[in-house]
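This one's a predicted model, so the numbers in the text were calculated from it and none came from an experiment. Below, read A as the first sequence line, B as the second, and so on, with proteins coming before strands; counting in each chain starts at 1.
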Amino acid sequence: MPELPEVEVSKRYLEETSLHQPVARVHIGATSLLDGISPQALARRLHHRPLERTHRHGKYLFAEVDHGGWLMLHFGMTGHLRYGRTPDPAAANAEAVFFFDNGRYLAHVDPRKLGHIGWVDDPRRMVRDRALGPDALRLDLDRFCCLAQGRHGQVKPWLMNQEVMAGIGNVYSDEILFQARLRPDARVDRLSDRDLSDLFEAMQGVLETAIDVEANPCAFPGTYLLPHRRRGGRCPRCDTPLQRWFFSGRGAWLCPRCQRRTR
DNA sequence: CTCCATGTTTAGAA
DNA sequence: CTTCTAAACATGGA
């Protein structure tokens, strides 16, 4: 479940399980995940080296390897990490597995194979090369408002645009707009200072809350839209049936009664 | 069988 | 140039 909160949870999981253990072997079950590096070259980079620290920018997770270089992980739509102990048949079926020399492994499991694994010398340079905006959790209100300057589109695609800010996807943009009570098609250039402030507060609150509950859908506060965004779902505030609108072919869930600002 | 899915990239239309 | 759409990628669950 890979938007910013899920990636942050994965980052902490990797830190708690997989640091400081030399890599004994690398198994790539789906080479299509590799981004600009061969399985052999990746194995050579990691062999005998432990992961020493992590970094996250938006939906990208990085792990620095002892003696330099960073493993880059992106989880696409269905990717997640799994730490386990060999022998384990689950490891053999994973899209990528890093076996440590203590009999443990860290697997990147991604049934849909839309994720990516790469190697970068410097995460900051990769962020620049890909023109990613600032991480959504490292913004203050002033910078957030600056990102809105000169923008004319709809607020939902704006929140999801990784070149504006990095980390927000389809599910959390719905939640943020619900908490801010803004319509997803509100025009960014028509948002008042108050709207922008509410949107910023909602963004911070939603992302931090999601990380606190480890992005577990069952554990979100009862006031959250997220567990209700499905067919037949009703607004947790006013019980109105939720609507699904489409933006570029992607479903956006909203409460037509609560989300009337702005337009 | 059909519909739908948390992401990114690309091509093309306004 | 910006904004927006649709398709493609590959697979599984309801």
Side-chain angles (χ1 to χ4, degrees), chain A residues 1-11 28-36 56-61 72-81 90 93-96 108-118 126-127 129-133 135-136 147-178 183-191 203 206-207 209-211 213-220 224-233 242-254 263:
Chain A
M1 306 176 165
E3 295 183 37
L4 186 155
E6 287 83 0
V7 179
E8 179 63 27
V9 170
S10 294
K11 174 183 190 281
I28 304 297
T31 54
S32 64
L33 263 65
L34 293 185
D35 197 359
R56 182 192 56 73
H57 190 99
K59 303 171 189 175
Y60 289 87
L61 175 59
M72 182 274 285
L73 299 172
H74 188 281
F75 298 107
M77 296 249 267
T78 56
H80 61 275
L81 295 178
N93 294 325
E95 280 59 40
H108 178 161
V109 179
D110 186 0
R112 227 168 126 179
K113 300 182 176 70
L114 294 175
H116 295 281
I117 296 173
M126 195 213 80
V127 165
D129 291 346
R130 297 199 183 219
L132 295 178
D135 185 83
L147 298 177
Q149 290 289 325
R151 293 286 176 166
H152 292 272
Q154 300 167 320
V155 65
K156 179 176 166 78
W158 176 73
L159 283 173
M160 292 173 61
N161 184 342
Q162 303 300 298
E163 297 188 7
V164 171
M165 67 191 101
I168 297 168
N170 200 33
V171 169
Y172 287 103
S173 59
D174 281 357
E175 187 66 58
I176 291 163
L177 291 165
F178 176 72
R183 305 166 53 116
D185 62 348
R187 296 276 152 180
V188 173
D189 54 308
R190 302 277 304 274
L191 297 178
M203 180 179 81
V206 166
L207 296 177
T209 298
I211 293 168
V213 301
E214 298 183 312
N216 175 359
C218 307
F220 280 91
Y224 269 49
L225 177 75
L226 207 145
H228 306 278
R229 60 190 304 289
R230 54 185 161 71
R231 284 173 300 282
L242 297 178
Q243 290 183 0
R244 188 173 52 158
W245 295 3
F246 286 90
F247 292 78
S248 305
R250 313 209 74 105
W253 293 86
L254 70 145
R263 237 196 155 197

Enquirer: Any non-hydrogen side-chain atom of K113(A) less than 4.5 Å from a side-chain atom of L33(A)?
Expert: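 Answer yes - side chains close enough.
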Enquirer: Under the side chain to side chain contact (heavy atoms under 4.5 Å, CB included) rule, collect the residues that match up with D189(A), sequence neighbours excluded.
Expert: H152(A), R187(A)
Enquirer: Decide yes or no for Y172(A) and L226(A): does some side-chain heavy atom of the first lie under 4.5 Å from some side-chain heavy atom of the second?
Expert: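 Answer yes - side chains close enough.
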Enquirer: Could you give the distance separating dA5(B) and dT5(C) at their P atoms, to the nearest angstrom?
Expert: 16 Å
Enquirer: Which part of the nucleic acid does R229(A) contact within heavy-atom distance under 4.0 Å: base, sugar-phosphate only, or nothing?
Expert: sugar-phosphate
Enquirer: Looking only at heavy atoms, what is the nearest atom pair of L81(A) and S10(A), with distance?
Expert: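 Taking L81(A) first and S10(A) second, the nearest heavy atoms are CD1-O, 3.7 Å.
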Enquirer: Quickly work out the D35(A) CG to dG7(B) P distance and round it to whole Å.
Expert: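 After rounding, the reported distance stands at 18 Å.
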Enquirer: Does anything in residues 156-170 of chain A form a salt bridge (Lys or Arg N to Asp or Glu O under 4.0 Å)? List the pairs, not counting sequence neighbours.
Expert: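 For residues 156-170 of chain A: K156(A)-D174(A).
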Enquirer: How does protein contact run along nucleotides 9-14 of chain B, one letter per nucleotide 5' to 3', with B for base contact, S for sugar-phosphate only, - for none, heavy atoms under 4.0 Å?
Expert: S-----
Enquirer: Mind checking what makes side chain to side chain donor-acceptor pair (under 3.5 Å) contact with E175(A), not counting sequence neighbours?
Expert: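 Q179(A).
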Enquirer: Quick one: is H74(A) getting a side-chain N or O under 4.0 Å of the dT8(B) phosphate, OP1 or OP2?
Expert: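 Result: yes.
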Enquirer: Grab the CH2-C1' distance between W253(A) and dA5(B) for me, whole Å please.
Expert: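 From W253(A) CH2 to dA5(B) C1': 12 Å.
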Enquirer: Can you sort out the partners of V164(A) under side chain to side chain contact (heavy atoms under 4.5 Å, CB included), two or more places apart, ordered by chain and number?
Expert: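 Only L147(A), R151(A), W158(A), N161(A) meet the side chain to side chain contact (heavy atoms under 4.5 Å, CB included) criterion with V164(A).
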Enquirer: Between protein and nucleic acid, restricted to nucleotides 3-6 of chain C and to nitrogen or oxygen atoms under 3.5 Å apart, what atom pairs and distances do you find?
Expert:
| unit_1 | atom_1 | unit_2 | atom_2 | d |
| --- | --- | --- | --- | --- |
| dT3(C) | OP1 | H152(A) | N | 2.8 |
| dT3(C) | OP2 | R151(A) | NH1 | 2.8 |
| dC4(C) | OP1 | Q154(A) | N | 3.0 |
| dC4(C) | OP1 | R187(A) | NH1 | 3.2 |
| dC4(C) | OP2 | Q154(A) | N | 3.4 |
| dT5(C) | OP2 | S248(A) | N | 3.2 |
| dT5(C) | OP2 | S248(A) | OG | 2.9 |

Enquirer: Round to the nearest Å and state the distance from H116(A) atom NE2 to dG7(B) atom C1'.
Expert: 8 Å
Enquirer: For R112(A), what residues pass the side chain to side chain contact (heavy atoms under 4.5 Å, CB included) criterion, not counting sequence neighbours?
Expert: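 For R112(A), the residues satisfying side chain to side chain contact (heavy atoms under 4.5 Å, CB included) (neighbours in sequence not counted) are M77(A), T78(A), D110(A), L114(A).
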Enquirer: Output all residues satisfying side chain to side chain contact (heavy atoms under 4.5 Å, CB included) with Q162(A), sequence neighbours left out; order by chain, then residue number.
Expert: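 Here the qualifying residues are K59(A), L132(A), A166(A).
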Enquirer: Rounding to an integer number of Å, can you tell me how far L73(A) CG sits from dG7(B) P?
Expert: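 For the pair L73(A) CG and dG7(B) P, the rounded distance is 17 Å.
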Enquirer: Which letter, B, S or -, goes with each nucleotide of nucleotides 8-14 of chain C from 5' to 3', with contact meaning a protein heavy atom under 4.0 Å?
Expert: -BBBS--
Enquirer: Ignoring hydrogens, what is the shortest heavy-atom contact between V109(A) and A94(A)? Give both atom names and the distance.
Expert: CG2-CB, 4.1 Å
Enquirer: Could you give the CG-to-P distance, from L61(A) to dT6(B), as a whole number of Å?
Expert: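 L61(A) atom CG is separated from dT6(B) atom P by 22 Å.
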Enquirer: Between dT6(B) atom C1' and L207(A) atom CG, what is the distance in whole Å?
Expert: 13 Å
Enquirer: Quick check: closest heavy atoms across V171(A) and E3(A), and the distance to 0.1 Å?
Expert: N-OE2, 2.9 Å
Enquirer: To the nearest Å, how far apart are D110(A) CG and dT6(B) C1'?
Expert: 12 Å
Enquirer: So, using side chain to side chain donor-acceptor pair (under 3.5 Å) as the criterion, who are the partners of T209(A) when residues are at least two apart?
Expert: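 Y224(A).
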Enquirer: Give the rounded distance in Å between these two atoms: CE of M160(A) and C1' of dT8(B).
Expert: 11 Å
Enquirer: For R130(A), what residues pass the side chain to side chain donor-acceptor pair (under 3.5 Å) criterion, not counting sequence neighbours?
Expert: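 Side chain to side chain donor-acceptor pair (under 3.5 Å) check on R130(A) returns D35(A), Y60(A).
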Enquirer: To check you understand the geometry: which heavy-atom pair defines the closest contact between P184(A) and L254(A), and what is its length?
Expert: CD-CD1, 3.9 Å
Enquirer: Which dot-bracket string fits DNA chain B when only Watson-Crick or G-U wobble pairs with both atom distances under 3.5 Å count, crossing pairs get [ ], and | stands for a partner on a different strand?
Expert: .||||.||||||||
